[in-house]
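To start, the structure under review is shown below, and the notes come after it.
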Amino acid sequence: FCLTFISVLYVKDKGGDAPFYYMASIRQIYPFNGYVGANLVVDLTGFFSRFLSLSYYQTTLIFSSFGYFGILIASKLIRLLSIDLGKKYKYLYMLVLYSPSCHFWTTLIGKDGLSFLSISLISYSLVTIKKENKVKSIFFILLSIVILVCLRPHFAFIIASGIAITLFLILIRKTSKGLFALLLLL
């Protein structure tokens, strides 16, 4: 969480969206905008700033924890996927995961930490869907896609499209009806 305070000092000096989200949440006239993207972040920040009376730094720590949990899930996913790889590849993946920019932008108030958490949760759930409880994995996938639709709809569309194409290709590979459906599309 030291990086959180470094991020806060950087944004305080150079500017950024995090102070805007906090100040907009305090000055907000209407309790709920009901919009997606930045307005949703203002509403969520308003819950912490107005309803719980948390300061800017305390609210930033809560948003920082979203990014931190996303990094933990992504780390677990990389460990799971890199079991059969050599050590130099494992170090390369960990170097990318623990790069300062990944941690820096997910520690501030904003869409980045929640988006990263959602994408990490979708990825982990898709990889472990056969090994763990399928209902739990599907629940986390759907919840994360809903969160992404609210925060960054274009991310959710791309991820949902990728999942749909993958499921369609699995259906084609496993059934003769799927092959017939593919021939009809062509």
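Quick note: numbers below take in every heavy atom, side chains included, and nothing from hydrogens, waters or symmetry partners. This chain uses plain numbering: 1 for the first residue, then up along the sequence. Since we're looking at a predicted model, the values are computed, not measured.
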*Heavy-atom side-chain proximity of Pro153 to Phe157 below 4.5 angstrom*: no

*Of all heavy-atom pairs between Ala74 and Phe116, which one has the smallest distance, and what is that distance?*
CB-CZ, 4.2 Å

*Check: Ser49/Thr59 side-chain N/O donor and acceptor closer than 3.5 Å*: no

*Determine whether Leu126 and Val135 fall in the same hydrophobic cluster, where Ile, Leu, Val, Met, Phe, Trp and Tyr are linked whenever their side-chain heavy atoms lie under 4.5 Å apart.*
no

_Closest non-hydrogen atom pair between Gly70 and Leu117, with its separation_ = N-CD1, 3.5 Å

*How far does OG of Ser118 sit from CZ of Phe140, to the nearest 0.5 angstrom?*
11.5 Å

*Nearest 0.5 Å please: distance from the OH atom of Tyr22 over to the OH atom of Tyr57.*
10.5 Å

*Answer whether the closest heavy-atom distance between the side chains of Ser115 and Leu148 falls below 4.5 Å.*
yes

*Hphob cluster co-occupancy, Val146 + Phe155, side-chain heavy atoms under 4.5 angstrom*: no

*In terms of the angle between their ring planes, are Phe66 and Phe63 parallel, tilted or perpendicular, with boundaries placed at 30° and 60°?*
perpendicular

*Is there a side-chain contact between Tyr124 and Lys76, using heavy atoms and a 4.5 Å cut-off?*
yes

*Do Val41 and Leu143 share a hydrophobic cluster (ILVMFWY, side-chain heavy atoms under 4.5 Å, transitive)?*
yes

*Would you say the side chain of Arg152 lies within less than 4.5 Å of the side chain of Asp112, judging by non-hydrogen atoms?*
yes

*Separation of Ile109 CD1 from Ile62 CD1 (nearest 0.5 Å)*: 9.0 Å

_Are Leu114 and Leu44 packed together at the side-chain level, in the sense that at least one heavy-atom pair is separated by less than 4.5 angstrom?_
yes

*Check: Thr107 and Leu61 side chains under 4.5 Å, non-hydrogen atoms*: no

_Those residues that, when tested against Thr166, pass side-chain hydrogen bond (donor to acceptor under 3.5 Å, both in side chains) (two or more places apart)_ = none

*To the nearest 0.5 Å, how far apart are CG in Leu151 and CG in Leu40?*
5.5 Å

*asked:* Just verifying a value: how many Å separate Ile26 CD1 and Ser53 OG, rounded to the nearest 0.5 Å?
replied: 9.5 Å

*Answer yes if Ile122 and Ile158 sit in the same cluster of Ile, Leu, Val, Met, Phe, Trp and Tyr residues linked by side chain heavy atoms under 4.5 Å apart, and no otherwise.*
no

_Exam field: side chain Ser75 to backbone Ile71, donor-acceptor pair closer than 3.5 Å_ = no

_Inter-residue atom distance Ile119.CD1 - Leu77.CG, 0.5 Å rounding_ = 12.5 Å

*Is any side-chain N of the basic residue among Asp43 and Arg50 closer than 4.0 Å to the acidic one's carboxylate O?*
no

*For residues Thr45 and Ser25, report the shortest heavy-atom separation together with the two atoms involved.*
CG2-OG, 3.5 Å

